[in-house]
Number of protein chains: 4
Amino acid sequence: MKDWQIKLHTIIFEADTRAGKLFDVVLLWAILISVLLVMGESVKGLRIEYGRFFHIAEWFFTILFTLEYILRLICVHKPIKYIFSFYGIIDLLSIIPTYLALFFIDTRSLRVIRSLRLLRVFRVLKLGRFVKESDLLMEALKNSRYRITVFLFAVLAVTSIMGTVMYLVESPETGFTSIPRSIYWAIVTLTTVGFGDIAPQSDLGQFIASIVMVLGYAIIAIPTGIITGEVIKSTDTSNINTQVCINCQHDKHDTDAKYCKMCGTEL
Amino acid sequence: MKDWQIKLHTIIFEADTRAGKLFDVVLLWAILISVLLVMGESVKGLRIEYGRFFHIAEWFFTILFTLEYILRLICVHKPIKYIFSFYGIIDLLSIIPTYLALFFIDTRSLRVIRSLRLLRVFRVLKLGRFVKESDLLMEALKNSRYRITVFLFAVLAVTSIMGTVMYLVESPETGFTSIPRSIYWAIVTLTTVGFGDIAPQSDLGQFIASIVMVLGYAIIAIPTGIITGEVIKSTDTSNINTQVCINCQHDKHDTDAKYCKMCGTEL
Amino acid sequence: MKDWQIKLHTIIFEADTRAGKLFDVVLLWAILISVLLVMGESVKGLRIEYGRFFHIAEWFFTILFTLEYILRLICVHKPIKYIFSFYGIIDLLSIIPTYLALFFIDTRSLRVIRSLRLLRVFRVLKLGRFVKESDLLMEALKNSRYRITVFLFAVLAVTSIMGTVMYLVESPETGFTSIPRSIYWAIVTLTTVGFGDIAPQSDLGQFIASIVMVLGYAIIAIPTGIITGEVIKSTDTSNINTQVCINCQHDKHDTDAKYCKMCGTEL
Amino acid sequence: MKDWQIKLHTIIFEADTRAGKLFDVVLLWAILISVLLVMGESVKGLRIEYGRFFHIAEWFFTILFTLEYILRLICVHKPIKYIFSFYGIIDLLSIIPTYLALFFIDTRSLRVIRSLRLLRVFRVLKLGRFVKESDLLMEALKNSRYRITVFLFAVLAVTSIMGTVMYLVESPETGFTSIPRSIYWAIVTLTTVGFGDIAPQSDLGQFIASIVMVLGYAIIAIPTGIITGEVIKSTDTSNINTQVCINCQHDKHDTDAKYCKMCGTEL
């Protein structure tokens with residue numbers, strides 16, 4: 001690997017140097033502005049009036065991201081591995097749609113392809129300062145995956161039973177036409193979404209619905225409790241370093257500690 | 001009890017051996033696929049096109065689960081106790097509906113019976129890795145049952161009062177036709193479900209509704225706080241070591257404990 | 001105060017003796033059944049068919065609660081203070097409506113009076129085992145009252161601004177007819193209730209609504225964080241007693257500790 | 001700076017003296033009453049009947065707040081800095097609208113200007129007892145800003161993808177007329193708001209909607225976990241003592257610290 005490749009790698013993949021930081025900030029703004037442009041373009045009034053501007057801006061950002069993608073390919077050690085990594089695919093998906101749009105004329109396909117450009121927002125998670133935080137959240141979610149699964153099965157079981165009960169209690173005219181649709185209503189209600197397209201009309205139906213709602217209102221505490229517990233645990237350990245005092249063997253020093261808080265020896 | 005019964009028991013009820021783990025994984029996938037099939041069958045379009053496939057798959061899984069049920073009966077120490085235990089009933093309920101469906105022709109009853117097969121999802125909670133997690137959640141809920149009850153009574157009281165106030169303030173034309181229906185509306189609103197089938201129209205009614213909503217938005221913090229507290233406490237295994245007192249067999253000592261807190265013996 | 005009064009006081013106001021526990025359990029069931037009856041009576045179908053049964057049951061519970069109220073008055077030290085205390089008023093309000101209903105014939109007033117009987121649910125909070133828990137929750141709420149107030153003002157400010165913005169953006173035809181009504185919509189949306197009686201139709205309106213929703217979705221974390229913090233703090237201290245070891249001065253022993261965990265001295 | 005200015009400063013900006021406390025309480029009530037009056041005035045029925053009263057009360061409070069604004073300008077050290085500070089602007093915005101209303105006749109502009117008076121609620125956050133609490137909440141939010149940003153990007157990404165999927169699955173007749181509108185629906189659903197103006201009708205659409213709802217129901221746990229963690233950490237003053245190192249002036253030492261963790265000096 002040549003010298004300029006290593007230098008480029010430092011700028012693009014690390015955020016410790018001044019050039020690296022600048023690169024991150026420029027990229028962050030480029031991503032945000034391009035996402036806002038994609039959103040703005042979808043507002044009909046704006047598209048008609050500023051269509052030409054959106055077109056130019058879109059190509060500007062696509063070429064910018066294409067250049068960045070090529071630079072990344074040049075300076076990574078294993079380009080193939082990068083291309084098929086999660087972020088490599090996201091990087092590719094955020095530039096391809098604009099090129100693809102040249103070959104499609106069908107409006108529906110075009111709209112789907114254009115909306116794919118919104119995947120660019122994922123690129124932000126790759127930038128220096130967010131990596132640590134998103135890793136931390138991912139860690140918390142991973143640690144609580146079995147508990148969350150148990151919770152999801154419980155929700156599924158409760159909504160299945162409640163939905164079936166509502167199907168038997170309510171008349172089909174109020175929207176409870178079948179068991180799956182009643183289960184759908186139970187999910188809408190338990191999660192406190194409450195569209196209101198299907199709603200109980202009978203007294204007994206409203207009574208059962210009340211139970212489902214209060215249940216949903218209380219059950220939401222369970223995933224919150226699980227994830228809060230994980231976040232607190234992961235935050236706790238990140239503030240305490242693993243250094244042990246050479247004089248008194250005391251550990252659990254704060255990360256910013258320079259001297260042992262028990263005997264005053266330098267760490 | 002014979003030797004092959006003990007061996008079978010190890011495979012079916014424990015997850016420590018390789019065969020036991022494999023059994024658990026196979027069963028997990030069988031449950032998930034069969035539940036998805038039950039759900040898929042209820043989608044009208046799929047039922048018409050792939051009805052024959054659903055029929056065969058259903059009988060395949062029912063026979064599989066029946067075999068498993070018989071094997072469990074054979075190898076447990078007290079079959080009667082197992083049959084009437086919570087999981088024994090669930091196991092039975094997840095195979096019976098398919099057989100029952102042979103004797104019923106009435107569409108409505110059939111649908112209810114068929115939907116009972118969804119109870120199979122509960123079987124997942126029995127599988128090795130989920131037992132510990134679901135026990136932990138159950139423990140957290142059990143520890144906070146009095147607090148949750150107090151909370152539910154408070155919700156009931158608030159919605160009763162607010163519902164009655166709305167009944168007096170709003171005209172019956174907007175849906176507040178009776179006090180119980182107004183209480184139903186208050187529950188719908190306080191739990192932030194908000195169907196919208198009943199909604200205040202007068203200025204004063206909307207003002208009171210705003211209070212109910214903000215109240216509900218803040219009150220949800222209470223069960224969350226309670227359960228989060230419990231979950232954190234139960235997860236906090238890092239403060240309790242696994243030492244057992246040699247004198248009084250008491251466990252659950254703090255990590256920094258040097259003497260048993262129950263009998264004073266050195267640990 | 002005579003001897004039988006003290007004995008009566010122990011039974012009614014304390015839950016330590018067997019008689020006191022029995023009294024609490026009987027009262028709990030009496031309250032729950034009478035509340036269910038009040039609810040059941042309001043269901044039209046049940047009222048018509050079982051009207052006579054509801055009438056008799058209502059008078060049974062009213063006389064029971066009246067007797068209990070008189071007994072309480074007899075055995076408390078300061079009857080006047082009890083009458084005007086929070087629970088004294090609740091006790092009175094849960095028996096008066098039935099008597100008042102004799103003098104009113106107007107259906108509307110009658111319904112309001114009858115619904116007042118639902119206030120009986122508050123009586124449960126007075127029973128032995130719930131007192132500690134409801135005190136704990138009240139304590140947590142009281143400790144966080146300034147923070148909750150700050151939060152409520154912030155919600156009020158955000159909804160005022162967002163409501164006004166929506167009034168300017170959306171046309172009156174979609175329901176945003178005035179600023180207060182738009183603020184009402186903002187509260188409905190921020191608290192994630194979402195009735196749907198007023199909903200934005202324009203692209204810009206839906207974009208702003210999305211911001212309000214995501215804001216509300218994230219803001220709900222604030223009261224939850226505040227109250228969870230308080231609940232955890234109050235639970236923590238209730239598990240640690242205030243005893244200090246006479247030998248080594250170590251404190252923070254668990255409530256069930258009999259010997260000092262640091263030196264083994266009896267506490 | 002003269003003596004009476006310093007005295008005035010103590011009364012207006014500090015809450016330690018009796019006069020300062022009195023000033024805070026009077027101002028708190030003046031703000032609350034004036035905000036309630038602004039709200040009350042917007043209720044049509046009240047405005048017509050008590051219009052004259054509202055008019056007089058409005059001018060009373062405006063003159064009161066104007067006087068207070070002038071007094072603040074007189075006694076602060078740097079008036080210019082105060083005028084352009086956050087609270088200086090809020091103070092000005094809460095008195096200007098009433099004066100401006102004299103020059104506008106157009107009803108629409110007038111209503112906007114009048115509603116600006118609601119910004120007065122922000123003034124409460126400046127009062128003694130709330131400053132500490134709102135600072136604490138702000139601190140918690142500031143500390144978790146990167147994590148919250150990551151969370152918001154994740155929500156944005158999930159809703160973009162789910163919205164696009166729904167656009168492809170559902171027919172335009174049910175309200176999913178375009179991708180942005182479908183993303184709007186996904187946000188409405190994921191945040192559990194659920195207006196119901198757009199709702200899936202097909203079986204597959206309702207199945208996907210169920211996934212979005214359960215996802216939203218579980219995802220809400222993430223910001224809650226993040227902010228709860230921060231609030232608990234910031235409340236956890238019991239672990240940090242108030243000792244300041246005599247050598248290096250470092251504070252925030254743990255309660256059990258015996259030596260300064262920064263320079264090793266004995267505390």
Side-chain angles (χ1 to χ4, degrees), chain A residues 143-154 156-157 159-161 163-164 167-168 174 178-183 188-201 203 206-207 209-222 224-230 232-233 236-237, chain B residues 35 39 42-44 108 111-112 114-116 118-119 121-122 124-125 129-130 132-134 136-137 140-141 144 148 151-152 155-156 159 178 180-181 183-184 187-188 190-199 216 219-236 238:
Chain A
N143 284 343
S144 49
R145 68 186 177 286
Y146 289 128
R147 241 174 261 182
I148 293 287
T149 311
V150 167
F151 168 74
L152 289 182
F153 274 110
L156 189 52
T159 48
S160 300
I161 294 160
T164 310
Y167 170 67
L168 299 174
T174 55
S178 69
I179 290 180
R181 193 145 295 201
S182 301
I183 293 175
V188 168
T189 306
L190 193 87
T191 56
T192 77
V193 172
F195 283 133
D197 52 343
I198 309 168
Q201 295 299 328
D203 289 318
Q206 293 189 342
F207 181 71
S210 300
I211 294 171
V212 176
M213 283 180 261
V214 173
L215 215 64
Y217 192 60
I219 281 181
I220 204 172
I222 297 179
T224 308
I226 296 168
I227 291 182
T228 304
E230 282 304 325
I232 289 173
K233 219 162 67 181
D236 272 6
T237 47
Chain B
V35 165
M39 284 178 165
S42 69
V43 178
K44 218 178 175 178
R108 202 179 163 92
R111 273 188 166 168
V112 176
R114 273 156 181 279
S115 72
L116 273 175
L118 278 174
L119 288 171
V121 295
F122 275 120
V124 171
L125 303 180
R129 66 182 77 184
F130 295 117
K132 206 187 117 197
E133 303 295 342
S134 65
L136 217 145
L137 285 181
L141 284 178
S144 49
I148 293 288
F151 169 72
L152 289 182
V155 166
L156 188 53
T159 48
S178 68
R181 194 145 291 204
I183 292 176
Y184 166 72
I187 294 174
V188 168
L190 192 87
T191 57
T192 76
V193 171
F195 284 132
D197 52 343
I198 309 168
I219 280 182
I220 205 171
I222 297 178
T224 309
I226 295 169
I227 291 181
T228 305
E230 281 303 324
V231 170
I232 290 173
K233 216 163 68 180
S234 65
T235 322
D236 221 359
S238 65

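Every chain is numbered from 1, with letters handed out A, B, ... down the list of sequences.
In terms of non-hydrogen atom pairs under 4.5 Å with chain A, the most contact-rich of B:Thr228, B:Thr191, B:Thr224, B:Ile227 is B:Thr191. Counting heavy-atom pairs under 4.5 Å between each of A:Ala218, A:Ser144, A:Ser210, A:Ala209 and chain B puts A:Ser210 at the top. Chain A forms more heavy-atom pairs under 4.5 Å with one residue of B:Leu156, B:Ile219, B:Thr159 than with any other, namely B:Ile219.
Partners of A:Thr149 by side chain to side chain donor-acceptor pair (under 3.5 Å), not counting sequence neighbours: none found. Every side-chain contact (heavy atoms from CB on, under 4.5 Å) that A:Ile220 has, sequence neighbours left out, goes to B:Ile220, D:Tyr217, D:Ile220.
Looking at B:Ile226, there are no atoms closer than 4.5 Å to chain A (heavy atoms on both sides), in backbone or side chain. Both the backbone and the side chain of A:Val214 come within contact range of chain B, judged by heavy atoms closer than 4.5 Å.
Once rounded to the nearest 0.5 Å, the distance linking CD1 of A:Ile211 with CG of B:Leu152 reads 11.0 Å. Summarising the geometry, atom CD belonging to A:Gln201 is positioned 6.0 Å from atom CG belonging to B:Asp197; distances are rounded to the nearest 0.5 Å. Between the CG atom in B:Leu190 and the OG1 atom in A:Thr192 there is a gap of 11.5 Å [rounded to 0.5 Å]. Within the model, atoms CD1 of B:Ile198 and CD of A:Gln206 stand 5.5 Å from one another, a figure rounded to the nearest 0.5 Å.
Using a 4.5 Å cut-off on side-chain heavy atoms (C-beta onward), B:Phe195 and A:Thr189 make contact.
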